[in-house]
Protein chains: 2
Amino acid sequence: MKKVSLKDIAEITGVSTSTVSFILNGKASEMRISEALKKKVLATANKLGYQPNQIAVSLRTGQTKILGLLVEDISNNFFALLAKTIEDEAEKFGYRVVYCSTENDNKKGQALLRMLAQRQVDGFLITPTLGMETDIIKLQLQHKPVVLMDRYFPEVDVPHVLVNNYGGVTSAMQHLIQQGYERIAFITVDLALNQMQEREDAYNDALSKSSTQKTKSKKNILSIDPTASREEKKKLIARFLKNNKPDAVFFATNYLGILGLECLREQKIRIPEELAVVCFDDHDIFRLYIPDISVVQQPVEEMGRRAVHLLMDQLGKNRGAATKNQLRLDATFVPRESTQKI
Amino acid sequence: MKKVSLKDIAEITGVSTSTVSFILNGKASEMRISEALKKKVLATANKLGYQPNQIAVSLRTGQTKILGLLVEDISNNFFALLAKTIEDEAEKFGYRVVYCSTENDNKKGQALLRMLAQRQVDGFLITPTLGMETDIIKLQLQHKPVVLMDRYFPEVDVPHVLVNNYGGVTSAMQHLIQQGYERIAFITVDLALNQMQEREDAYNDALSKSSTQKTKSKKNILSIDPTASREEKKKLIARFLKNNKPDAVFFATNYLGILGLECLREQKIRIPEELAVVCFDDHDIFRLYIPDISVVQQPVEEMGRRAVHLLMDQLGKNRGAATKNQLRLDATFVPRESTQKI
DNA sequence: CTGAAAGCGCTTACAG
DNA sequence: CTGAAAGCGCTTACAG
């Protein structure tokens with residue numbers, strides 16, 4: 001069973017490849033090809049199980065109908081859900097998606113961008129790593145459609161869709177303050193990503209503005225070196241909790257939350273009786289598995305859908321679409337179950 | 001900034017495209033091209049930022065260097081980790097991977113296989129859905145390299161790599177029986193997948209063989225209709241637990257485990273004091289988040305690596321490789337933390 | 001109504 | 001040592 005080509009069908013039916021091509025692409029009536037011929041060609045194409053070679057089509061038309069998606073780590077829930085949403089949404093517009101993981105490594109990210117460009121993807125969806133700025137600019141210079149997600153470069157004018165981290169943390173902090181917590185700690189990662197900065201700012205601002213807190217407690221931040229080992233990080237968190245004895249703690253990332261919970265377990269600190277915990281939750285992990293902690297939910301799915309739309313705008317496939325191409329979506333604070341029920 | 005092609009470089013340096021192609025593909029010395037010319041061509045290619053158009057290369061060479069990976073749901077941890085492992089392993093052989101989710105829907109699976117074939121992927125890695133059998137056979141007839149993972153069709157001779165589910169459940173059961181549990185329940189999904197059947201068989205056999213259990217308890221199985229809603233499933237589990245009052249329960253899938261834990265929480269049944277829980281764990285989720293339950297760990301990463309190797313064998317890229325092309329890997333039983341420590 | 005021909009950007013025998 | 005030419009499998013003006 002060899003691959004069957006347009007030419008094969010043309011030979012068998014005794015017409016030219018052009019005619020076959022027109023018929024198979026639904027342009028029979030447009031080209032005023034006779035019904036009889038059309039039926040005959042369609043029938044033999046069907047019988048032989050003809051599948052067009054998309055490689056050839058792409059080379060000829062200059063379109064691959066493929067979108068390149070660059071995420072940090074596809075095995076991470078946040079990015080996996082993002083990828084899936086994007087895949088589904090892109091499909092509605094007739095596009096396929098190939099995903100790649102940068103592992104937060106710039107060299108790898110650049111290599112992947114190059115690879116995607118070589119494969120002639122029609123557009124790029126990217127959660128950029130630090131320092132990927134110039135690569136993004138290069139893509140724009142080549143007139144490649146690009147949309148940034150989750151992170152962005154304030155100085156560069158690229159369509160993007162972000163999360164309102166500031167708002168999410170603010171709601172959570174207001175809730176904690178209102179509930180009477182007086183020693184709220186904030187554990188974050190020492191990374192110069194703008195979304196991390198935003199989260200910290202929101203924490204600081206919430207405390208500054210709170211009249212009850214203002215007098216009683218001061219800011220209580222642990223900023224952890226991301227290059228430290230897992231065990232080192234845990235040690236830092238454990239020591240911090242022991243020294244500062246907070247009555248509530250805010251973990252600024254999902255991963256820190258996991259580490260933190262391990263520490264709390266080892267120290268036999270009970271949640272939420274002895275310590276209230278709030279964590280950024282990428283994919284309802286905490287909500288599903290540990291209902292005793294409160295979460296700030298990321299609008300992952302909406303982010304994915306919007307990003308695809310912004311890309312389609314650039315590809316000219318989304319008629320009557322968004323006027324704004326730089327979006328910021330809300331993150332939702334969800335108090336722990338027990339709180340909700342009381 | 002237009003895309004630069006081989007021809008551009010040929011024109012600028014004043015040689016033919018053939019010469020440029022040879023030089024750029026490292027065949028300069030083989031073709032005995034002068035050093036000076038080689039340097040000149042390389043320099044201008046570099047200056048212009050030349051990137052070969054892989055679409056054209058693929059069309060010409062008949063190789064895309066892309067592998068198609070078909071999984072059930074990429075946003076599921078098990079498949080996400082599998083995909084990532086495969087991606088990393090394939091890269092070592094110079095291959096890229098495109099993933100697709102079947103959502104356990106045959107129609108969609110077939111459409112995706114067709115799409116991958118049209119895109120001319122060089123090989124297929126598949127976790128097959130029920131009834132995908134004929135499609136797999138078709139691929140083999142077209143001499144497309146295929147490897148099946150996690151599931152297989154006993155009647156069809158296709159390279160595959162599976163998990164020894166029977167062994168994993170057996171170890172877990174032996175452990176429970178040895179620890180003195182007397183009313184061990186088994187909650188599974190009513191799906192005719194061979195790996196589910198294996199798990200249930202192992203449960204039954206373990207009980208039959210156990211001398212202590214033989215007299216005291218009989219088999220206690222709840223088999224849930226997979227098409228039921230989440231809430232219905234939870235109700236079934238809750239009723240089953242209430243009626244049967246097991247002292248240990250074995251959830252045959254990760255998802256059932258999550259539902260079960262929700263039920264236990266709602267009924268305020270304490271783990272492991274009032275009920276021991278064992279669950280199949282796809283991706284260390286339970287181990288990380290809930291140390292009080294025991295798990296049967298799937299060898300996801302090894303499965304991915306082995307699958308790539310089996311595919312490379314077929315592509316002729318893995319010299320001196322496996323003689324066996326149907327593998328079965330062990331699943332590991334990991335008792336809950338507290339058990340380990342005592 | 002239908003066909004011959006060019007061309008997408010490469011690689012690779014073949015010829016000199 | 002290097003170039004002219006064919007061809008991978010399509011699409012699409014162009015001609016009749």
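Reminder, nothing fancy here: chain letters follow the sequence lines and each chain counts from 1. Values below: every heavy atom of this structure, side chains too, minus hydrogens, waters and symmetry copies.
- Nucleic acid contact for B:S34: sugar-phosphate only, since backbone atoms but no base atoms lie under 4.0 Å from a heavy atom of the residue.
- Put simply, B:S21 has a side-chain N or O that comes within less than 4.0 Å of OP1 or OP2 on C:dT11.
- Across C:dT11 and D:dT2, the matching C1' atoms stand 16 Å from one another, rounded to whole Å.
- Residues B:F153 and B:V158 have side chains not in contact (no heavy-atom distance under 4.5 Å, counting atoms from C-beta outward).
- With a cut-off of 3.5 Å on both pairing distances, C:dA4 has no Watson-Crick or G-U wobble partner at all.
- Note on B:N25: a side-chain N or O is less than 4.0 Å away from OP1 or OP2 of C:dT11.
- C:dA13 is unpaired under the criterion used here, namely a Watson-Crick or G-U wobble arrangement in which both key atom distances are under 3.5 Å.
- Nearest heavy-atom pair across B:D122 and B:G62 is OD1-O, 4.3 Å.
- In this structure, A:T17 contributes its side chain and A:L6 its backbone to no donor-acceptor pair below 3.5 Å.
- Rounded to whole Å, the distance from CD1 on A:I33 to P on C:dC1 is 10 Å.
- Of the possible polar contacts, none joining the B:E103 side chain to the B:D73 backbone as a donor-acceptor pair under 3.5 Å is found.
- The separation between A:E11 atom CD and C:dA4 atom P is 12 Å, rounded to whole Å.
- Side-chain N/O atoms of B:T19 include one lying less than 4.0 angstrom from OP1 or OP2 on D:dG3.
- Each of B:G14 and B:R60 has a nearest nucleotide on DNA chain D; the 5'-most of these lies closest to B:G14.
- By the 4.5 Å heavy-atom criterion applied to side chains, B:R305 and B:T85 are counted as neighbours.
- Here B:L37 lies in heavy-atom contact (under 4.0 Å) with sugar-phosphate atoms only.
- Distance from the side chain of B:N53 is smallest to C:dC10 among C:dG3, D:dC10, C:dC10.
- Residues A:R32 and A:T17 each lie close to DNA chain C; by heavy-atom proximity, the contact nearer the 5' end of the strand is made by A:R32.
- A:I55 has its CD1 atom 15 Å from the C1' atom of C:dT11, to the nearest Å.
- The interatomic distance linking B:R119 (CZ) with D:dG9 (P) rounds to 18 Å, in whole Å.
- The side chain of A:L6 approaches D:dC10 more closely than any other nucleotide in the set D:dT2, D:dC10, D:dA13.
- Between C:dC10 and B:Y50, a contact under 4.0 Å exists linking OP1 or OP2 to a side-chain N or O.
- Computed from coordinates, the A:F22 CZ to C:dT2 C1' distance equals 9 Å when rounded to whole Å.
- As a whole-Å value, the separation of B:D8 CG from C:dG9 P is 9 Å.
- Among the nucleotides D:dG9, D:dA5, C:dG3, the one closest to the side chain of B:S18 is D:dA5.
- Between the NZ atom of A:K7 and the C1' atom of C:dA4 there is a distance of 14 Å, given to the nearest Å.
- Atom C1' of nucleotide D:dT12 and atom CD1 of A:I23 are separated by 15 Å, given to the nearest angstrom.
- Between B:K92 and B:E89, at least one side-chain nitrogen of the basic residue sits less than 4.0 Å from a carboxylate oxygen of the acidic one, meeting the salt-bridge criterion.
- Residue contacts for B:S5: at a heavy-atom cut-off of 4.0 Å it reaches the sugar-phosphate backbone alone, with no base atom in range.
- Residues B:A56 and B:K27 both approach DNA chain C. Their nearest nucleotides, taken by heavy-atom distance, put B:A56 toward the 5′ side.
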